Undergrad: 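Please see the structure below; I have some questions.
Keep in mind the model is a prediction, meaning the values are calculated, not measured. First the proteins, then the strands, lettered A, B, ... as listed; each starts at 1. Computed over heavy atoms, backbone and side chain alike; hydrogens, waters and symmetry mates excluded.
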2 protein chains.
Amino acid sequence: MATGRTHRPATRSRGIPEATVARLPLYLRALTGLSERSVPTVSSEELAAAAGVNSAKLRKDFSYLGSYGTRGVGYDVEYLVYQISRELGLTQDWPVVIVGIGNLGAALANYGGFASRGFRVAALIDADPAMAGKPVAGIPVQHSDDLERIISDNGVSIGVIATPAGAAQPVCDRLVAAGVTSILNFAPTVLSVPDGVDVRKVDLSIELQILAFHEQRKAGEESAAAHDGAVPESVGHDVVAHDTDQGPDGDVPAVMPA
Amino acid sequence: MATGRTHRPATRSRGIPEATVARLPLYLRALTGLSERSVPTVSSEELAAAAGVNSAKLRKDFSYLGSYGTRGVGYDVEYLVYQISRELGLTQDWPVVIVGIGNLGAALANYGGFASRGFRVAALIDADPAMAGKPVAGIPVQHSDDLERIISDNGVSIGVIATPAGAAQPVCDRLVAAGVTSILNFAPTVLSVPDGVDVRKVDLSIELQILAFHEQRKAGEESAAAHDGAVPESVGHDVVAHDTDQGPDGDVPAVMPA
DNA sequence: CTGTGTGAAGCGATTCACAGCG
DNA sequence: CGCTGTGAATCGCTTCACACAG
């Protein structure tokens with residue numbers, strides 16, 4: 001599984017760090033909120049607070065996109081919304097299919113955050129014949145036998161897997177074979193995909209386990225703190241309180257040979 | 001300023017890197033699978049492949065926990081499962097409450113990955129009076145008026161927020177005031193919490209936006225380089241290509257026939 | 001004078017490569 | 001030998017601090 005990966009210098013000038021890309025949606029959301037309240041401009045300090053990051057990081061992030069701010073003033077909200085949207089590729093329509101319409105799949109189908117950002121649920125697919133035709137979130141569920149046709153008819157390149165763990169890899173293989181090149185995986189499995197296919201996963205139990213780790217440590221320090229006569233519950237010294245970042249990462253495709 | 005930050009270097013002895021902590025659940029899952037198939041030992045290479053990381057990283061990660069392997073042989077699966085579980089604090093019971101029982105909340109309540117890892121859904125809470133008493137996943141939904149009592153009666157320290165965006169911060173404030181010190185947030189909002197409270201977030205639309213960014217770039221390179229006829233080895237499902245890290249994840253397969 | 005944009009320093013995580021245990 | 005465990009090199013992100021545009 002060596003997985004040859006041709007990590008290139010990234011597209012010369014368009015080399016935006018992965019960590020920055022992961023924060024752009026965050027800025028975009030904060031900006032959208034400001035936009036709705038008709039705020040014309042924001043300083044890096046204000047926007048950073050709204051997005052939950054520090055201002056130096058935000059300015060550095062924006063510097064990768066270009067010089068969209070005005071010194072001494074700040075950033076034009078509308079303009080920035082547009083620039084970030086364009087950078088993320090949200091100015092175009094992304095048809096998405098959701099495979100596995102259980103509780104989670106239904107929740108995803110109903111999630112409004114999709115439509116509002118250039119994503120369109122093109123189809124819902126499930127392996128259960130009894131589900132076929134039944135509408136979920138106003139969209140009729142289709143049987144997985146038609147998966148390939150659905151992908152190609154709709155020009156889908158992004159697929160969401162919300163099936164049980166056992167079905168994830170087979171579904172993934174079919175999606176990829178049918179032309180999908182980006183997958184968001186909710187099943188608790190490590191998916192194998194060919195180079196050029198991007199996979200991101202969302203795993204609830206992992207998040208909880210990470211929380212448990214910190215929680216356990218807090219409990220430990222609590223009793224250890226009592227040792228050196230520290231304050232009981234109050235504002236003693238900061239407990240764990242690590243930053244809220246947590247969300248970076250991502251993977252880089254690596255299409256085409258160098 | 002939203003959340004307080006105050007990153008602490010972490011105590012030297014118990015200093016496990018955050019990135020390592022985030023991968024432990026991944027190793028644990030892979031090990032559990034091996035354990036179920038009664039595999040007695042694994043090499044770092046094999047386990048790394050199963051977890052989707054590279055072996056050097058895995059060995060380094062384990063080195064922070066101690067020397068649990070046998071040179072020339074590998075790691076004892078059962079022993080490692082125990083050590084990692086203990087390190088993550090999964091050998092104890094973690095009562096969890098889920099607030100906001102909509103589609104997503106219901107999916108979470110039905111998720112089996114909870115119980116199997118030391119997490120116990122102690123209560124489901126929703127603001128809709130009509131939901132009160134209605135059982136979801138076998139657990140009766142309780143009204144949010146009783147939130148504080150529920151938290152304290154059950155000694156809950158971990159809360160999951162699956163409410164609409166607007167309700168998230170108020171719910172968060174009440175959870176924290178009632179004693180919750182770890183929060184897993186599914187609402188698309190930046191939560192403000194006092195120091196000492198840990199927040200992790202899972203945001204579906206952000207994940208999709210990150211995929212869209214890469215997808216857009218692939219499309220661009222595709223026309224720049226020759227399409228198809230790419231790398232020879234990229235046909236079948238090779239391997240996990242890229243670094244699968246991507247930080248957090250969460251999953252939630254729901255119950256449903258396949 | 002204010003707040004952006006950015007070189008440079010600082011830091012943590014990843015990767016390398018190999019010593020050495022079994 | 002094979003495979004773990006780990007110092008050392010490296011890489012990439014974050015943070016600092018300040019020149020300079022408006």
Undergrad: OP1 or OP2 of D:dG5 versus the side-chain N and O atoms of B:Y75: is any pair under 4.0 Å?
TA: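 Answer yes for this pair, as a side-chain N or O of B:Y75 is under 4.0 Å from OP1 or OP2.
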Undergrad: Hey, does A:Q216 have a side-chain heavy atom less than 4.5 Å from the side chain of B:W94?
TA: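 Sidechains of A:Q216 and B:W94: in contact.
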Undergrad: Can a donor-acceptor pair be found between the side chains of A:Q169 and A:T189 at a distance below 3.5 Å?
TA: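 No, no side-chain donor-acceptor contact under 3.5 Å.
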Undergrad: Between D:dG2 atom P and B:E45 atom CD, what is the distance in whole Å?
TA: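 These atoms are roughly 13 Å apart.
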Undergrad: Do B:Y79 and B:Q83 have side-chain N/O donor and acceptor atoms under 3.5 Å apart?
TA: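 Per modelled atom types, B:Y79 and B:Q83 side chains form a pair under 3.5 Å.
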Undergrad: I need the CG-C1' distance between B:D61 and D:dT6, as an integer number of Å.
TA: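 Rounded to whole Å, this separation is 13 Å.
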Undergrad: Okay, side chain of A:E46, backbone of A:V42: is any donor-acceptor separation there less than 3.5 Å?
TA: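 Flag not set: sc A:E46 to bb A:V42 has no pair under 3.5 Å.
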Undergrad: Is a side-chain donor or acceptor of A:T20 paired with a backbone partner of A:I16 at a separation under 3.5 angstrom?
TA: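 Side chain of A:T20 to backbone of A:I16: no pair is present.
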Undergrad: Which pairs, protein N/O on one side and nucleotides 16-22 of chain C N/O on the other, fall under 3.5 Å?
TA:
none

Undergrad: Would you say D:dT4 has OP1 or OP2 under 4.0 Å from some side-chain N or O of B:S44?
TA: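 Yes, because at least one side-chain N or O of B:S44 sits under 4.0 Å from OP1 or OP2 of D:dT4.
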Undergrad: Side chain of B:Q92, backbone of B:R86: donor and acceptor closer than 3.5 Å?
TA: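 Between the backbone of B:R86 and the side chain of B:Q92 there is no qualifying donor-acceptor contact (under 3.5 Å).
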Undergrad: Could you tell me how far apart B:Y64 (OH) and C:dT14 (P) are, to the nearest whole angstrom?
TA: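 From B:Y64 OH to C:dT14 P: 8 Å.
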Undergrad: May I have the distance from B:L58 (atom CG) to C:dA13 (atom P), rounded to whole angstrom?
TA: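 That distance rounds to 16 Å.
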Undergrad: If you only use heavy atoms from C-beta on, which nucleotide in D:dC13, C:dA13, D:dT4 is closest to the side chain of B:A19?
TA: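 Of D:dC13, C:dA13, D:dT4, C:dA13 is nearest to the side chain of B:A19.
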Undergrad: In whole Å, I'd like the distance from the CD atom of B:E18 to the P atom of D:dC13.
TA: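 That distance rounds to 18 Å.
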Undergrad: Centroid separation under 6.0 Å, is that true for the rings of B:F62 and B:Y68?
TA: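 Ring-ring flag for B:Y68/B:F62: false, centres at least 6.0 Å apart.
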Undergrad: Can you see whether A:E36 engages A:T32 through a side-chain donor-acceptor pair at a distance of less than 3.5 angstrom?
TA: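 Checked: A:E36/A:T32 side chains show no N/O donor-acceptor pair below 3.5 Å.
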Undergrad: Output the rounded distance in Å from NZ (B:K57) to P (C:dA13).
TA: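 Those two atoms, NZ and P, are 11 Å apart.
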Undergrad: Among all residues two or more places apart in sequence or in another chain, which pass the side chain to side chain contact (heavy atoms under 4.5 Å, CB included) test with B:S55?
TA: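 Listed in chain order: B:S44, B:E45, B:A48, B:R59.
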Undergrad: Starting at atom CZ of B:F62, determine the distance to atom P of D:dT4, rounded to an integer number of angstrom.
TA: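 Computing the B:F62:CZ to D:dT4:P distance gives 10 Å.
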Undergrad: Could you check which residues of residues 31-43 of chain B get a heavy atom under 4.0 Å from DNA chain D? Sort them by number, please.
TA: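 Those residues are B:S43.
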